[in-house]
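Position 1 is the first residue of the sequence; numbering continues from there.
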Amino acid sequence: MGFKVVIRHIWNQLRLYLSFILLVFYLTVGFLFLFSDIWSHFLTEGREIVGLVLILYSVLRFYIAYRRFKAKHIKIQVLKEQKRKHKTSEPENATTE
């Protein structure tokens, strides 16, 4: 029983864009924790640590998402090239009787 997932270029780009949006969100929240007094009544001590962790997490998360995007992009290009070669080589392999 096999299950094959088809990788599509549009979904791969969409995942990268969503990861970019999350990068901006985590960076914004991290900078708000670090450089403003917005949540000072909520978290009195350790705001710097929380802000730094959020910023580092966002950068790491986007780096992993970008590496995944590039790997799948290369895989999509290889699959397209294989399809192209298969379509052009199909008539040559056909036998005539």
### Message
Does Leu16 form a side-chain contact (heavy atoms from CB on, under 4.5 Å) with Phe62? I'd like the steps, not just the answer.
### Response
CA-CA 8 Å; Leu16 180 70; Phe62 185 73; 4.2 Å; yes

_Non-hydrogen side-chain atoms of Val24 and Thr28 separated by less than 4.5 Å_ = yes

inquiry  = Is it true that, when you exclude Ile10 itself, more than 12 heavy atoms of the residues, nucleotides or ligands shown sit nearer than 6.0 Å to its CD1?
reply    = no

Same cluster (ILVMFWY, side-chain, under 4.5 Å), Tyr57 and Val59: no

Here the gap from Ile55 atom CD1 to Leu60 atom CG, rounded to the nearest 0.5 Å, amounts to 14.0 Å

To the nearest 0.5 Å, atom CG of Leu52 lies from atom CZ of Phe31 at 10.0 Å

Would you kindly confirm whether Phe25 and Leu54 end up in one hydrophobic cluster when ILVMFWY residues are joined by side chain heavy atoms under 4.5 Å apart? yes

The single option from Asp37, Ile38, Leu34 that satisfies side chain to side chain contact (heavy atoms under 4.5 Å, CB included) with Arg47 is Asp37

ask   = If two hydrophobic side chains count as joined below 4.5 Å and joins carry through other members, does Leu32 share a cluster with Tyr26?
value = yes

The single option from Val29, Val53, Leu23 that satisfies side chain to side chain contact (heavy atoms under 4.5 Å, CB included) with Ser58 is Leu23

- Task: Count the heavy atoms of every other residue, nucleotide or ligand shown that sit under 6.0 Å from CG of Leu56, and state whether that count exceeds 12.
- Result: yes

- Task: Report whether Ile64 and Leu18 are members of the same hydrophobic cluster (ILVMFWY, side-chain heavy atoms less than 4.5 Å apart, transitive linking).
- Result: no

dist Phe69:CZ -> Leu14:CG (nearest 0.5 Å) comes out at 11.0 Å

**Side-chain heavy-atom pair Glu81, Arg84 within 4.5 angstrom cut-off** = yes

One should read off an interatomic distance between Tyr63 OH and Arg68 CZ, to the nearest 0.5 angstrom, of 12.5 Å

Value for NZ (Lys72) from NZ (Lys75), rounded to nearest 0.5 Å, stands at 7.5 Å

